Amino acid sequence: MGSLRVQKRLAGQVRQPDPLTHTLSEAFPETATDAAAIGFVLARLPRTDAPILWVQDRLSRKEAGRPYLAGIGTKRPVIMVDVSRAADVLWAMEDGLRCRNLGGVIGEIWGDPPALDFTATKRLALRAEAADVPCWLIRRAASPDLSAARDRWRISAVPSAPHPHDAQAPGAPRWALDLFRSRRSKPGQWVATYDRAQDRLNLAAPIRDRTLATGDGAAGERAAG
Amino acid sequence: MERQGNAPPDDIPIVLAREGHHGPVIHAANRTVRVNGILPGSRVVDMRAICPELQVEFADEAGDHAALDRLVLWARRWCPWTVRDGDDGLILDTTGSDHLLGGEAAMLVEMETQLSLLGLTARLAVAPTWGAAWALARFGPVRSICAAEEVNFKLGALPVTGLRLDDATVLLLRRLGLKTIGAVMDVPRLSLTRRFIKAGLAANPLLRLDQALGKLAEPVASVDAKLRFAVQSRLAEPIFDPTPYLPELCENLCDTLKKAGMGCRRLHLTVYRTDGDVSHVDVATSATTRDPTHLHGLFRDKVERINPGFGFDLITLEAGSVEVMQVLQNRLDGGSDDDLHLTRLVDRLSAKFGPRAITRPVLRESHIPERAAAQVAALANIADVAAVTTQERPLRLFDHPEEVRVLYAVPEGPPAQFVWRRQTHRVTRYAGPERIAPEWWKDRPGTRLRDYFKVEDQSGRRIWLYREGLHEDGRGGDPRWFVHGCFA
């Protein structure tokens, strides 16, 4: 929900988009161990206390770790499903999307398994739209090939905002967002700053000013804009 | 069988009475009374004339029934299939269990011993049918054992009362001169049929005779035998895929469950193959259910595990763990409660992946990061404790901290450069250290403390790094560095 509002504002669109149903989105972290995508997805889920279904395959669990409750916060319960194959992840996600009481379904799939084809993503997208539950597919070490996901994001961490009190400490996290394919809005690139205290995503500047990413992110260097 | 638990001495004439049509009648009598010629069923006032010192107690028939019902279950020690027979009998189907007690004769001795230890006198008999056992136990020799081929011979000598007939019929047979069961057997069948064609079972000597001789079935229906809920579908041709038949089977099964007011927590699907083998698929649910679509959905992807061989021509679907299921209306508008959907989801996932794959993380009171979050069963009712620390924690935590190779160590603070997963990370900014001491009440002696740093590398990734131990802390060599998690 929040993202649509944000996208609309950023892209300068005045036209009201179609009814705001939740749907399937894909997030491609730039590197496997980058938790920026997780942070972005969690920031984008609707602010309810409905439980999240979180499905991980074995490689994602081993290579990128488990979601850590102390970091996510206990505002809403998480139901973890640990499976080994990508086909099982898709099965569990699809099954979870039959339950309208969920606040979101997050699936993590490693690589490009044959099970994750256009049909599988189409099924997920249709299910998510029918149940009106946001569904996120986090794909590590994957190539963005054919998919029916309505929004596809490429997300990477960029050097954080300056810490207000400590010059050498990392501050609020910043993410480079690249919406490279979208059904519902105009694709674009942004740098988002996440305000942890208010649980708010501020899209600071479009990425065309990206002097920041090429810099070394040293202390005192500030984001453009 | 009569209760002798705390009976008065045998020489006092005492009877138990119950209410009859014309005043109290004798329900049971002790031996002294029976010697005097007093029979159960006669009126108490008449019998007082025969035996003036007769003492009368009223019988507790309901209590006797209850005691006998308890005894039915107690008799399961000898065989699994027992049932109460009338007011004063037990029927035990000992088929296949007598050899465990050393044969039929030894079994009867053992039963009589155990019952006498309870203070009960018992008259026992083994016979191939219910009726024959009834007659032999009451009118036959002590502990008589009757094989299947000698039923005619052994029953022939017993009085017609042994046929479990009502009093009027017994009187009629006596008046006809048929005093023994053998005499009834000798009467031509046609005559008996014609005479008793309209009589019910209790007044029909022919039916009773057929039951005693095994010509008419009289199965032993055990008291708490569970109802078996199973449906099957017979196929004209052997097939390889049961999927098209499953919805109908599930619906039929749920219909029978619904009629009985039951729900099930397990389903067993069995296919009978044409090559003389069977294959099974089992599914389970976390809550009692009888929803056909839900149950059918649990079989999704599971029927593929059936090995069809050369095809199968019979499918059976049986409900297991059947429980009484209350129909609950959750809302006024007839809708269902939110929790229900979640239970069903957890059901489906557990049916597919096993219950251990579905967990819920909860916080625990600990400062050690891997102990601060624990996995519990998804629907376990465990309250979250509040987080013990307000420090920022990473979004991802590795199950096992990964050791990194430090390229440029700095005396204070994190390394300036380190290699993790064959990639060099240059630390540009860091926060920390946050020192977490080992929990001495849990950890082994010699566990080193940890200094945690949140570091940011040159590409902007934020990593949770820790140093295990200090220089010269006397707990091992140089401290090592580990990556424990990733921040957003």
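As a basis for the values below, the full set of heavy atoms in this structure was taken, side chains included, without hydrogen atoms, waters or symmetry mates. Note that the structure is a prediction, hence the values are computed from the model and not measured. Numbered from 1 within each chain, the chains take letters A, B, ... in sequence-line order.
Comparing A:Ala36, A:Gly73, A:Pro173 by heavy-atom pairs within less than 4.5 Å of chain B, the highest count is held by A:Pro173. When each of A:Pro77, A:Gly39, A:Ala64 is checked for heavy-atom pairs under 4.5 Å with chain B, A:Ala64 comes out on top.
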Checklist line | Steps toward side-chain contact (heavy atoms from CB on, under 4.5 Å) verdict (A:His163, B:Arg429) | finding: CA-CA 10 Å; A:His163 197 281; B:Arg429 289 189 280 183; 5.9 Å; no

Next item on the list: Report the C-alpha distance between B:Lys352 and A:Asp88 in whole Å, list the side-chain angles of each, state the deciding distance to 0.1 Å, and finish with yes or no for side-chain contact (heavy atoms from CB on, under 4.5 Å).
Entry: CA-CA 9 Å; B:Lys352 172 93 175 168; A:Asp88 290 342; 4.1 Å; yes

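A side chain to side chain contact (heavy atoms under 4.5 Å, CB included) with B:Ile358 is found for exactly one of A:Val81, A:Asp82, A:Leu53, A:Val55, namely A:Val81.
Chain A is approached within less than 4.5 Å, heavy atom to heavy atom, by B:Cys486, B:Phe487, B:Ala488 from residues 480-488 of chain B, ordered by number. Of all residues in residues 121-130 of chain A, none places a non-hydrogen atom less than 4.5 angstrom from a non-hydrogen atom of chain B.
Pairing each heavy atom of A:Gly96 with each of B:Leu345, the nearest pair is CA-CD1, 3.5 Å. In terms of heavy-atom proximity, B:Arg461 sits nearest to A:Thr33 at NH1-OG1, 3.1 Å. Residue A:Leu69 comes nearest to B:Pro361 through the heavy atom pair CD2-O, 3.3 Å, listed as atom of the first residue, atom of the second, then distance. Contact record, B:Ala431 with A:Pro170: N-CD, 3.9 Å, taken as the closest heavy-atom pair. Among all heavy-atom pairs drawn from B:Glu456 and A:Ser160, the shortest one is OE1-OG, 2.5 Å. Taking all atoms of both residues into account, the shortest heavy-atom contact from B:Leu395 to A:Gly71 is CD2-O, 3.7 Å.
Residues B:Thr428 and A:Pro159 fail the side-chain proximity criterion, which asks for heavy atoms closer than 4.5 Å.
Heavy-atom contacts from other residues, nucleotides or ligands closer than 6.0 Å to CZ of B:Arg405 number 12 or fewer. Counting non-hydrogen atoms of neighbouring residues, nucleotides and ligands closer than 6.0 angstrom, the CG atom of B:Asp399 exceeds 12 such neighbours. In this structure, B:Arg266 places its CZ atom where only 12 or fewer heavy-atom neighbours from other residues, nucleotides or ligands lie under 6.0 Å away.
Of the atoms belonging to A:Arg196, it is side-chain heavy atoms, and not backbone ones, that fall under 4.5 Å from chain B. When heavy atoms are compared at a cutoff of 4.5 Å, A:Thr31 approaches chain B solely by way of its side chain, counted from C-beta outward. B:Arg462 touches chain A through its side chain: at least one heavy atom from C-beta onward sits under 4.5 Å away, while N, CA, C and O do not. The contact between B:Thr359 and chain A is made by backbone and side chain atoms together, counting heavy-atom distances below 4.5 Å.
A search for side chain to side chain donor-acceptor pair (under 3.5 Å) contacts involving B:Glu402 returns B:Trp420, B:Arg421, not counting sequence neighbours. By the side chain to side chain donor-acceptor pair (under 3.5 Å) test, B:Asp282 pairs with B:His268, sequence neighbours left out.
One finds the CZ atom of A:Arg61 at 13.5 Å from the CZ atom of B:Phe398 (value rounded to the nearest 0.5 Å). The CG atom of A:Asp34 sits 11.0 Å away from atom CZ of B:Arg396, with the distance rounded to the nearest 0.5 Å.
Between B:Trp464 and A:Tyr68, the ring-plane angle classifies as tilted under the 30° and 60° cut-offs.
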